[in-house]
2 protein chains.
Amino acid sequence: MSEKSLNFFGDAENCPVRNVMDRFGDKWSTLVLLLLEDQGVMRFNELHKTIKSVSQKMLSVTLKSLEADGLILRKQYPEIPPRVEYRLSERGQSLIPHIQSLVAWANQHMPEIKKSRASYSS
Amino acid sequence: MSEKSLNFFGDAENCPVRNVMDRFGDKWSTLVLLLLEDQGVMRFNELHKTIKSVSQKMLSVTLKSLEADGLILRKQYPEIPPRVEYRLSERGQSLIPHIQSLVAWANQHMPEIKKSRASYSS
DNA sequence: TATCTTTGCTTACCAAAAGTTAGTTAATAA
DNA sequence: TTATTAACTAACTTTTGGTAAGCAAAGATA
């Protein structure tokens, strides 16, 4: 890092860190990606039932933006009632290990972090 | 993954993915961590000047929560005007590589992602 | 024939969270 | 008298996400 990269910190538009976090810092994106990685192909309602706390609205917003970014693929069958399947794209696949490493770190450190948090307020 | 881990998706409190994203999905945390990794020790105003777009309020909120989680260390000198120094803790250090790998991925794929986004709307 | 069911959404409305801006503080040195 | 530093506060705006309702079209049910 240093030198060149530092310039980015000031500039929101071109900052690589902002680019990551603006994209994956939302409430559901990473969850959907990891779930699709785990399950392969899923329909809308399967996702909805598995991630119990997501609303229909937010699920469809999340899926749409993941599709727009080319991270997942959407396949719609011309049937009624409708059938739509979602799966990871190659690009999405390539992202998974990085998310997983972050999640692994969190799993390992969360107990200590929670302790720190608790003692901080006192 | 599979089996056991899947249960977490439904349950916000214990979901490891939510734990990560609730913590680092905010606008400034990762930026501050990477900057401190790069610079070692920084005072409040140095951070503020380097990350030009952050407001004083959000910078202090961010620093406080990073400190509460034990990811950074704060050293205050009993002077006026005040002098406060921030640096990464060991725990914070251990997180850095994971963030960097995510940022590296983003740098590599952002051009394509932006193309996808642009063509999606049409 | 009428209405209910199914799926994958969309829309309008609302509350809460996050972020912005401007103003305040306190001791000292210039 | 003014600038300095690292905050904090209040008032305000923006963003995010949730709720509840509705829709479309075909097939099943009564």
D:dA6 OP1/OP2 closer than 4.0 Å to side-chain N/O of B:Arg43: yes
Residue whose nearest DNA chain D nucleotide is more 5′ - A:Pro81 or A:Met58: A:Met58
Whole-Å gap separating P (D:dC23) and CZ (A:Phe44): 18 Å
A:Ile113 reachable from B:Leu88 in the ILVMFWY side-chain graph, under 4.5 Å edges: yes
Rounded distance (Å) that lies between atom P of D:dA24 and atom CZ of A:Arg83: 23 Å
Sugar-phosphate, base or nothing in reach of B:Lys27, heavy atoms under 4.0 Å: sugar-phosphate
Value in whole Å for how far the P atom of D:dA6 lies from CD of B:Glu67: 15 Å
Proximity to the side chain of B:Asn45 - top-ranked nucleotide from D:dT5, C:dT20, C:dG8: D:dT5
Separation between CG of B:Leu95 and CD of B:Glu37, rounded to the nearest 0.5 Å: 10.5 Å
Separation of D:dG17 C1' from A:Leu59 CG (nearest whole Å): 13 Å
Interatomic distance where NZ belongs to A:Lys49 and P belongs to C:dC9 [whole Å]: 14 Å
Sugar-phosphate, base or nothing in reach of B:Ser60, heavy atoms under 4.0 Å: sugar-phosphate
Gap between atoms CD1 and C1', on A:Ile51 and C:dG8 respectively (whole Å): 16 Å
Most 5' of A:Lys64 and A:Pro82 on DNA chain C, judged by nearest nucleotide: A:Pro82
Nearest listed nucleotide, side chain of B:Val84, among D:dT5, D:dA7, C:dT21: D:dA7
4.5 Å side-chain heavy-atom contact, B:Trp28 and B:Leu47: no
Any A:Arg74 side-chain N or O less than 4.0 Å from OP1/OP2 of C:dC9: yes
Sugar-phosphate, base or nothing in reach of B:Gln56, heavy atoms under 4.0 Å: base
Aromatic plane relationship, A:Trp105 with A:His109 - under 30° parallel, 30 to 60° tilted, over 60° perpendicular: parallel
Options C:dA27, D:dT19, D:dA26, nucleotide nearest the side-chain atoms of A:Ile80: D:dA26
Nucleotide D:dT14, atom P - distance to NZ of B:Lys57 in whole Å: 15 Å
Intermediate values then yes/no, salt bridge (charged side-chain N to carboxylate O under 4.0 Å, His left out), B:Glu67 and B:Lys64: CA-CA 5 Å; B:Glu67 196 204 350; B:Lys64 208 184 277 190; over 6 Å; no
N/O (side chain, B:Tyr86) to phosphate O (OP1/OP2, D:dA7) under 4.0 Å: yes
Spacing between B:Asp26 atom CG and D:dT16 atom C1', to the nearest angstrom: 14 Å
